[in-house]
There are 4 protein chains.
Amino acid sequence: MKRSIRQIQKDETREKLLSAAHIVFGQKGIMAARMSDIAEAAGVSHGTVFVHFKTQETLVAAVIDDFGIRMGQRTHDMARNSGSLRDVLKAHLEGIREDEAFYTQLVIETRSLPPIARETMISIQSAVSFHINQAAQREMDAGVIKPMSMALLFNTWIGLVHYYLTNRDLFSPEKSVIETCGSMLIDHFMHMISSAN
Amino acid sequence: MKRSIRQIQKDETREKLLSAAHIVFGQKGIMAARMSDIAEAAGVSHGTVFVHFKTQETLVAAVIDDFGIRMGQRTHDMARNSGSLRDVLKAHLEGIREDEAFYTQLVIETRSLPPIARETMISIQSAVSFHINQAAQREMDAGVIKPMSMALLFNTWIGLVHYYLTNRDLFSPEKSVIETCGSMLIDHFMHMISSAN
Amino acid sequence: MKRSIRQIQKDETREKLLSAAHIVFGQKGIMAARMSDIAEAAGVSHGTVFVHFKTQETLVAAVIDDFGIRMGQRTHDMARNSGSLRDVLKAHLEGIREDEAFYTQLVIETRSLPPIARETMISIQSAVSFHINQAAQREMDAGVIKPMSMALLFNTWIGLVHYYLTNRDLFSPEKSVIETCGSMLIDHFMHMISSAN
Amino acid sequence: MKRSIRQIQKDETREKLLSAAHIVFGQKGIMAARMSDIAEAAGVSHGTVFVHFKTQETLVAAVIDDFGIRMGQRTHDMARNSGSLRDVLKAHLEGIREDEAFYTQLVIETRSLPPIARETMISIQSAVSFHINQAAQREMDAGVIKPMSMALLFNTWIGLVHYYLTNRDLFSPEKSVIETCGSMLIDHFMHMISSAN
DNA sequence: GATGAATGAGGCTTCATTCAT
DNA sequence: GATGAATGAAGCCTCATTCAT
């Protein structure tokens with residue numbers, strides 16, 4: 001069927017665009033990237049972007065949505081492979097590391113992005129939070145970590161991670177912050193919430 | 001003196017502009033605010049902005065610098081009035097609260113702003129960090145708080161605060177995050193780092 | 001080939017713009033012409049100009065360069081068709097006449113234009129001067145014209161021509177100065193430098 | 001009388017402005033000079049310029065008029081001190097030399113200036129032409145110079161002089177063209193029109 | 001469907017001119 | 001009269017979006 005060949009090609013182009021946008025957004029920032037930058041990065045013409053995404057906002061939303069699904073999947077995988085809180089945190093960072101640049105931009109720009117961005121961010125955090133809380137609760141019940149509000153425990157972790165991500169220039173100008181500081185952050189966080197001294 | 005009447009008026013306009021910019025930046029974002037928004041907010045004509053600030057970047061730099069000085073002053077005051085770490089954290093949040101919206105935008109946008117922004121941010125954090133570390137060290141030596149890296153202690157605090165600030169919509173959509181969550185954050189943080197359970 | 005249809009159309013627009021700019025520059029002056037004047041004269045939108053010429057300076061440079069090439073070609077043709085100095089002068093004026101308005105503006109504004117303008121002007125004059133000198137030298141050697149510095153002979157001729165061009169309002173307000181005064185100028189110049197009385 | 005003290009001061013300021021404008025116009029070009037440049041050069045405030053000259057055009061006109069009067073005076077003096085054509089040409093160049101920069105700008109910009117500029121230019125040239133023609137006629141009658149149209153003789157001279165003035169960068173980048181090339185120009189011109197070889 | 005030239009709204013900046021002091 | 005801050009019209013340039021090919 002001709003139809004389906006075309007369809008396949010179209011889908012391929014769409015994927016190229018989403019992937020290119022993901023990279024460019026991670027490099028230049030989401031709102032700072034121009035539509036033509038993305039076209040160029042995807043190796044297609046400027047106009048083609050608009051064939052697939054009616055407006056800039058649509059493209060941004062699609063990239064974010066895509067990313068949300070990927071993160072959701074990773075978080076889901078996280079569940080089965082992790083037992084201890086430490087494992088969960090490790091898996092969490094690992095999940096971020098795979099999209100570090102884009103994730104960081106998303107953290108930074110959420111507020112000035114279309115609502116979908118905020119919603120995606122929240123849904124990602126909710127899923128992550130669910131797993132972290134579960135593991136934390138278990139260890140808290142076991143008396144390994146201090147009793148404290150789950151929400152605050154989670155927000156402290158997220159805040160710490162985001163702080164390092166968004167200040168990469170201070171902590172790891174050359175390469176991935178997660179790679180450079182990840183295990184240190186986990187150690188520190190575990191130490192802080194641990195009931196031992 | 002004629003001189004000084006005119007000078008005073010000019011200074012007033014400059015102040016009006018800085019103050020309007022400070023507000024508008026806090027509302028719309030620093031780079032998203034247009035020069036004409038600021039003119040309008042200050043109640044002067046578009047051209048007047050350029051009488052006082054040759055370029056947009058100059059204005060941004062001036063507002064940030066202004067803010068940096070104000071924060072520096074507050075941090076300095078913090079020193080004499082605070083003994084315990086809890087006091088210092090309280091003073092820190094109090095200092096932020098007075099410029100909450102702008103501070104939050106600065107946290108968000110630092111990376112896409114002229115270098116002065118980053119430098120100001122760093123210098124503010126350095127000063128704050130100095131006082132926090134001093135108090136924390138004392139209490140750590142006294143065995144009241146767990147032994148841990150000063151840098152990580154500070155970054156955890158800053159990360160936590162910034163996380164709440166930059167997610168105001170989640171934590172306090174109506175009013176100041178600091179007002180709403182400040183003492184909770186301090187309590188939580190103190191509890192976390194405390195050597196007691 | 002699709003390629004070439006689009007390419008041809010783009011080139012046509014570029015030509016329309018260059019040609020419109022050439023005319024508008026001749027009428028209003030090179031720096032006095034606004035980008036929007038040229039867009040209007042070319043029958044395209046304001047933004048289109050910037051698709052083809054990134055900045056005003058680029059456009060000016062392109063128009064001048066274009067003109068330089070055209071003049072160079074004419075000067076080259078001049079060579080083969082002219083024997084006597086009189087012929088060369090005639091050809092020179094003829095070459096100018098085809099772009100009289102623009103050439104005149106260029107003469108007037110060279111100093112306030114980007115360096116390319118000056119360079120183009122100089123290169124045009126050099127080529128012309130070469131041919132004039134050659135013919136003049138021959139006739140000087142033959143004793144037909146007075147012995148004199150070639151440079152001064154050339155500068156006198158150019159000065160005379162430019163003076164008439166730049167004072168068209170005095171000499172030929174209605175139409176081309178070259179048409180109106182050209183042969184008179186040649187006669188006069190030849191008479192002046194002739195060794196006969 | 002208070003009145004007349006004020007009047008004197010006002011006149012002084014006006015003179016300062018005219019003089020400053022004359023210099024600045026000579027340096028930056030007449031239309032390229034900003035009103036504030038002139039205020040600064042005159043050592044008065046920006047607003048003061050408008051107290052004396054309602055519009056930019058008025059100022060330009062006044063400076064040109066002033067210059068015209070000065071040139072007229074010099075031309076008049078030229079009359080009594082000069083006998084031969086060579087003397088007149090020398091006096092002519094001398095008159096220009098005293099205002100070389102401004103005169104050159106005027107030559108270049110006349111067309112884009114208010115009509116007064118053109119009229120002044122014409123009136124200056126008329127006066128000069130009168131004296132040159134008179135002397136030339138005498139020598140032509142005496143058979144010293146070739147018979148030729150007075151207008152063309154004059155225009156050749158003016159064209160030559162203007163060509164050197166407006167191409168100072170080629171002929172005398174460092175200092176006055178008249179000083180550097182003046183006598184050469186006179187010699188050449190006299191040689192050209194002389195009936196001798 | 002892909003292309004990329006054309007479009008035009010929107011933003012920054014300059015500078016002659018005005019006017020309150 | 002002198003001052004200089006304020007004004008706003010006008011010009012350059014960017015970039016998301018449209019549309020003919």
Side-chain angles (χ1 to χ4, degrees), chain A residues 5-7 9-14 33-37 39 44-57 59, chain B residues 1-14 32-37 39 42-59, chain C residues 1-14 32-37 39 42-59, chain D residues 2 5-7 9-14 33-39 44-57 59:
Chain A
I5 291 174
R6 277 225 164 171
Q7 194 56 43
Q9 286 184 337
K10 188 173 181 185
D11 288 353
E12 271 174 7
T13 302
R14 192 189 152 89
R34 284 164 303 172
M35 293 299 262
S36 57
D37 291 335
V44 300
S45 80
H46 187 181
T48 297
V49 184
F50 292 87
V51 172
H52 293 267
F53 306 97
K54 198 134 187 47
T55 65
Q56 188 175 37
E57 185 171 324
L59 169 61
Chain B
M1 279 157 287
K2 254 186 192 167
R3 262 296 145 107
S4 77
I5 290 175
R6 299 298 291 269
Q7 194 55 43
I8 286 165
Q9 288 188 336
K10 184 174 186 185
D11 289 353
E12 270 171 9
T13 301
R14 192 188 151 92
R34 287 158 300 163
M35 293 300 262
S36 58
D37 291 334
V44 300
S45 82
H46 185 182
T48 297
V49 185
F50 293 89
V51 171
H52 293 267
F53 304 97
K54 209 150 178 40
T55 65
Q56 189 175 34
E57 185 170 326
T58 311
L59 170 60
Chain C
M1 282 156 287
K2 252 183 192 166
R3 263 295 146 108
S4 78
I5 291 174
R6 299 296 292 270
Q7 195 54 46
I8 286 165
Q9 287 187 337
K10 183 172 186 184
D11 289 353
E12 270 172 8
T13 302
R14 191 189 150 91
R34 287 158 301 164
M35 293 300 262
S36 59
D37 291 335
V44 299
S45 82
H46 185 184
T48 297
V49 185
F50 293 92
V51 171
H52 293 267
F53 305 97
K54 208 147 179 43
T55 65
Q56 190 175 35
E57 186 169 327
T58 311
L59 170 60
Chain D
K2 241 185 187 176
I5 290 174
R6 278 225 163 171
Q7 194 56 44
Q9 287 184 335
K10 185 170 183 187
D11 289 353
E12 271 174 7
T13 302
R14 190 188 154 91
R34 284 164 304 174
M35 293 300 262
S36 57
D37 290 335
I38 288 148
V44 301
S45 79
H46 188 183
T48 298
V49 184
F50 293 87
V51 171
H52 292 269
F53 305 97
K54 196 131 190 51
T55 66
Q56 187 175 38
E57 185 170 326
L59 169 61

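Here is the naming used below: chain letters follow the sequence lines, and residue numbers restart at 1 for every chain. As the structure is a prediction and not an experimental result, all values here were calculated from the model. The figures here come from the full heavy-atom set of this structure, side chains too, leaving out hydrogens, waters and symmetry mates.
For D:D37 and E:dT17, the CG to P distance is 14 Å, given to the nearest whole Å. With rounding to whole Å, D:R14 atom CZ is found 16 Å from F:dA2 atom C1'. Distance C:E12 CD to F:dT21 P: 12 Å, rounded to the nearest Å. The distance between atom CD1 of C:I8 and atom C1' of E:dA5, rounded to the nearest whole Å, is 14 Å. In this entry the distance linking NZ of C:K10 with P of E:dT3 reads 15 Å, nearest Å. Distance B:Q7 CD to E:dT21 C1': 14 Å, rounded to the nearest Å. Rounded to whole Å, the distance from CZ on C:R34 to P on E:dT13 is 22 Å.
Annotation: the span from B:T58 atom OG1 to B:F53 atom CZ amounts to 8.5 Å, rounded to 0.5 Å. Separation of atoms NE2 (A:H46) and CZ (A:R34) is listed at 9.5 Å; rounding is to 0.5 Å.
Under 4.0 Å is where a charged nitrogen must lie from a carboxylate oxygen, and between C:R14 and C:D11 no such pair does.
The shortest side-chain heavy-atom distance between C:H52 and C:K10 falls under the 4.5 Å cut-off. The side-chain heavy atoms of C:L59 and C:K54, taken from C-beta on, include no pair separated by under 4.5 Å.
Side-chain atoms of D:F50 lie closest to E:dA16 of the nucleotides F:dA6, E:dA16, F:dT18.
Between C:S36 and F:dC12 there is no side-chain polar atom (N or O) within less than 4.0 angstrom of OP1 or OP2. OP1 or OP2 of F:dA6 sits under 4.0 Å from a side-chain N or O of B:T13.
Of all the residues in residues 51-59 of chain B, B:K54, B:T55, B:Q56 reach under 4.0 Å from DNA chain E with at least one non-hydrogen atom. Residues from residues 42-49 of chain C placing a heavy atom under 4.0 Å of any atom in DNA chain E, listed by number, are C:V44, C:S45, C:G47, C:T48.
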- [ ] State the dot-bracket string of DNA chain E. Criteria: Watson-Crick or G-U wobble, both atom distances under 3.5 angstrom; notation: ( ) intrastrand, [ ] crossing earlier pairs, | interstrand, . unpaired.
- [x] .||||||||||||||||||||
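Counting all heavy atoms, side chain and backbone alike, A:Q56 lies closest to A:A33 at NE2-O, 3.7 Å. The minimum heavy-atom distance between B:V49 and B:M35, with the atom names listed, is CG1-CE, 3.6 Å. Of all non-hydrogen atoms in D:A39 and D:S45, the two that sit nearest each other are CB-O, 3.6 Å.
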